[in-house]
Undergrad: 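There's a structure below that I have some questions on.
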Amino acid sequence: MSYVISASLTKPLEIIIFFFFTNQGEPYADKPPLFLWIVMLGKVLLGHHSIPFLSLFSLLPAFIIAFVMDRWIAPHISFSIRVAALMMLFSTAMFIGSAVVIRMDMLMAMFIILALRIFFSMEEEENNKRIYSWLFPICVFMAIFTKGPIGLLIPLISTITYLLVSKKAYHIKRYWGVTTWVILLTLLSLWFANTYMEGGKEFLYNQLFHQTLGRAVNSFHHDNPFYYYLISFWYSLAPWSILIVVTFIAGICSKVERIGLEKFFMCIIGTSFLLLSLISSKLDIYMLPLFPFWIYMSVLWLSRVKNYKIIIASLIIPAIALVLALFADINLINSNNNDFRFDLTFPAAISLTLFGIITVILLFRKRVICAIATIFMGIYISIFLLGWNVKYLNNYIGYGEICQDVKRVRKQYSLSDKTYVYKMKNAQDMDVYLNDEVIILQRPLEEYTPKGLIILPSKLLPKSLPKETKIIKKDPYTILVNK
């Protein structure tokens with residue numbers, strides 16, 4: 001994605017644009033500035049866009065979240081259970097995926113969790129240092145500045161709900177009183193004033209209303225039904241989703257008096273889940289701020305499951321799924337209905353199956369913590385083995401590899417014509433790799449095959465093409481040279 005900066009930072013006398021962004025020449029009001037600033041900073045510091053640099057702003061927040069959650073529950077559970085909770089968190093499908101994908105979601109989740117931790121520290125642990133009353137709204141603002149209004153709504157609704165449930169409504173003004181709103185409104189006003197000065201009224205309106213109310217009420221992106229997260233929960237929190245449900249049911253049905261921490265976690269999970277379900281725009285990753293609370297609530301309530309066999313059953317199902325990984329991979333390798341090279345995942349599949357078998361054995365011996373650790377190790381060793389083949393998988397997860405092939409083909413055939421792309425998502429942004437304009441083809445290739453170089457998915461390769469067309473396959477894409 002190409003972000004517009006009106007001047008290089010090496011020219012201090014020229015005006016630098018920080019709040020108004022464009023993509024392909026069109027105003028880009030989709031995201032708040034913080035993450036885009038990080039992208040810009042990386043290029044200024046390193047001279048180019050660096051994936052390792054940008055990935056730090058997903059990975060480091062994940063570590064900070066884990067540290068905060070671990071210290072938060074430390075007084076209430078044993079060390080071995082805390083270690084198990086860390087392993088569960090860092091092997092949860094969507095959490096580990098978010099930690100290595102370059103998005104702003106993990107950064108926002110970190111600021112939300114920090115704000116909630118500060119609130120709880122002030123309310124229940126009576127840490128009433130003056131700085132806390134400033135840090136709370138600053139963390140909320142940083143969450144907004146990273147991703148948008150969810151950064152405000154989750155802390156606002158969950159904290160107020162907790163105070164109401166705890167019959168402490170008179171404390172609301174302590175956290176959402178004059179100090180908090182003055183800090184928030186001051187920082188927001190500075191942001192919006194700069195946005196207005198750089199992007200004008202239309203850009204500010206797009207960012208404030210179209211990108212917020214539009215997505216909340218009748219989304220133009222990722223519109224999904226109310227029950228979407230009831231389905232996505234099961235695979236987003238895999239392999240621990242069944243265990244989480246079992247412990248939640250046991251905890252809710254338990255007659256043991258709940259401590260403040262349990263009540264607060266329940267308020268966060270319940271109100272945030274309902275809030276995100278009501279918003280029209282839904283993606284699995286939007287639930288990321290709730291994943292640590294689900295995991296840590298689960299380990300808090302693990303001891304409340306009276307029937308130990310239910311815990312064994314909730315873990316043996318994902319363990320059997322791991323056992324079947326090798327057989328699934330062999331079946332996919334033998335299948336002719338896919339373009340993906342599943343033979344590259346074979347070592348990882350063997351690892352998952354072996355660790356799945358060990359987990360099943362441990363569960364039959366009722367060694368739950370060891371079983372959790374084994375699943376964790378199996379997942380990470382498999383990721384390590386899969387990592388050796390990432391260079392062969394690049395074509396399946398991005399456009400960098402195919403664009404390098406395009407450059408070589410253009411040089412080989414001395415092409416000076418345009419580069420065309422047919423039915424590939426976000427293909428217009430290939431110009432970053434190609435340093436040239438990319439033209440999106442709308443008509444079927446059977447009807448119109450233009451002169452020049454054409455990139456398309458291999459599965460959409462037409463049966464009939466001009467005789468002079470050269471076909472170069474670089475699965476999962478194909479390059480056509482039509483001179």
Undergrad: Taking the six-membered ring for Trp and the single ring otherwise, decide whether the centroids of Phe192 and Tyr196 are under 6.0 Å apart.
TA: no
Undergrad: Applying the side chain to side chain contact (heavy atoms under 4.5 Å, CB included) test to Leu480, which of Leu453, Val409, Ile455, Leu461 qualifies?
TA: Leu461
Undergrad: On a heavy-atom basis, which atom in Cys403 and which in Met430 lie closest, and how many Å separate them?
TA: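 Shortest heavy-atom separation between Cys403 and Met430 comes out as SG-CG, 3.9 Å.
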Undergrad: Can you confirm whether the side chains of Ser314 and Trp240 place a donor and an acceptor under 3.5 Å from each other?
TA: no
Undergrad: Among Glu437, Arg410, Lys407, find the one that has a side-chain hydrogen bond (donor to acceptor under 3.5 Å, both in side chains) with Thr419.
TA: Arg410
Undergrad: Looking only at side chains, do Asp284 and Tyr228 share a donor and an acceptor under 3.5 Å apart?
TA: yes
Undergrad: Provide the closest heavy-atom pair for Phe18 versus Pro33 in the form atom of the first, atom of the second, distance.
TA: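 Shortest heavy-atom separation between Phe18 and Pro33 comes out as O-CB, 4.2 Å.
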Undergrad: Heavy atoms, side chains only, cut-off 4.5 Å: are Gln207 and Thr195 in contact?
TA: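 Gln207 vs Thr195: side chains touch.
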Undergrad: Hey, do the aromatic rings of Phe19 and Trp37 have their centres closer than 6.0 Å?
TA: yes
Undergrad: Is the distance from the ring center of Trp294 to that of Phe265 below 6.0 Å?
TA: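 Ring-ring flag for Trp294/Phe265: false, centres at least 6.0 Å apart.
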Undergrad: Could you give me the CA-CA distance, side-chain angles and deciding distance for Leu456 and Lys423, then say whether side-chain contact (heavy atoms from CB on, under 4.5 Å) is met?
TA: CA-CA 6 Å; Leu456 72 157; Lys423 292 197 174 180; over 6 Å; no
Undergrad: For Arg103 and Phe35, which heavy atoms make the closest approach, and how far apart are they?
TA: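 Heavy atoms only, the tightest pair is O-CE1, 3.6 Å.
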Undergrad: Is the shortest side-chain heavy-atom distance between Met106 and Phe95 below 4.5 Å?
TA: yes
Undergrad: Working note: Leu352 + Leu326, criterion side-chain contact (heavy atoms from CB on, under 4.5 Å); need CA distance, chi angles, decisive distance, verdict.
TA: CA-CA 7 Å; Leu352 287 175; Leu326 178 59; over 6 Å; no
Undergrad: With rounding to the nearest 0.5 angstrom, report the CD1 to CG distance, Ile279 to Leu275.
TA: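 Between Ile279 CD1 and Leu275 CG, I get 4.5 Å after rounding to 0.5 Å.
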Undergrad: Which heavy atom in Ile372 sits nearest to a heavy atom in Ala84, and how many Å separate them?
TA: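 Closest approach of Ile372 to Ala84, heavy atoms only: CG2-O, 4.0 Å.
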Undergrad: With no hydrogens and no angle check, is any side-chain donor or acceptor of Thr359 less than 3.5 Å from a backbone partner on Ala319?
TA: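 A pair under 3.5 Å: no.
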Undergrad: Write down the atom of Ile113, the atom of Met69, and the distance for their closest heavy-atom approach.
TA: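 Closest pair (atom of Ile113, atom of Met69, distance): CG2-SD, 4.1 Å.
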Undergrad: For Glu202, does the CD atom sit with more than 12 other heavy atoms under 6.0 Å from it, leaving out its own atoms?
TA: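 Atom CD in Glu202 is not crowded, with 12 or fewer foreign heavy atoms closer than 6.0 Å.
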Undergrad: Cut-off 3.5 Å, side chains only: do Ser98 and Asp105 have a donor facing an acceptor?
TA: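 Their side chains do not contain a donor-acceptor pair, so the 3.5 Å distance test is not met.
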Undergrad: Mind checking whether Arg117 and Leu114 have side chains closer than 4.5 Å, heavy atoms only?
TA: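 They are not in side-chain contact.
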Undergrad: Do Lys43 and His48 make a side-chain contact, defined as non-hydrogen atoms from C-beta onward lying under 4.5 Å apart?
TA: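 No, every pair of side-chain atoms sits at 4.5 Å or beyond.
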Undergrad: Would you call Leu324 and Thr353 a side-chain contact if the rule is heavy atoms closer than 4.5 Å?
TA: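 They are not in contact (no side-chain heavy atoms under 4.5 Å apart), so the answer is no.
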Undergrad: Do the side chains of Phe233 and Val245 get nearer than 4.5 Å, heavy atoms only?
TA: yes
Undergrad: With side chains defined as the heavy atoms from C-beta onward, is the minimum distance between Thr469 and Val481 less than 4.5 Å?
TA: no
Undergrad: Taking atom CG of Leu107 and atom CZ of Phe145, what is their separation to the nearest 0.5 Å?
TA: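 Here the interatomic distance stands at 11.5 Å.
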Undergrad: Is the ring centre of Phe63 less than 6.0 Å from the ring centre of Phe90?
TA: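 Centroid separation for Phe63 and Phe90: below 6.0 Å.
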Undergrad: Are Thr271 and Ser158 close enough that a side-chain donor and a side-chain acceptor fall under 3.5 Å?
TA: no
Undergrad: For residues Ala93 and Tyr235, report the shortest heavy-atom separation together with the two atoms involved.
TA: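 Taking every non-hydrogen atom into account, CB-O, 3.6 Å.
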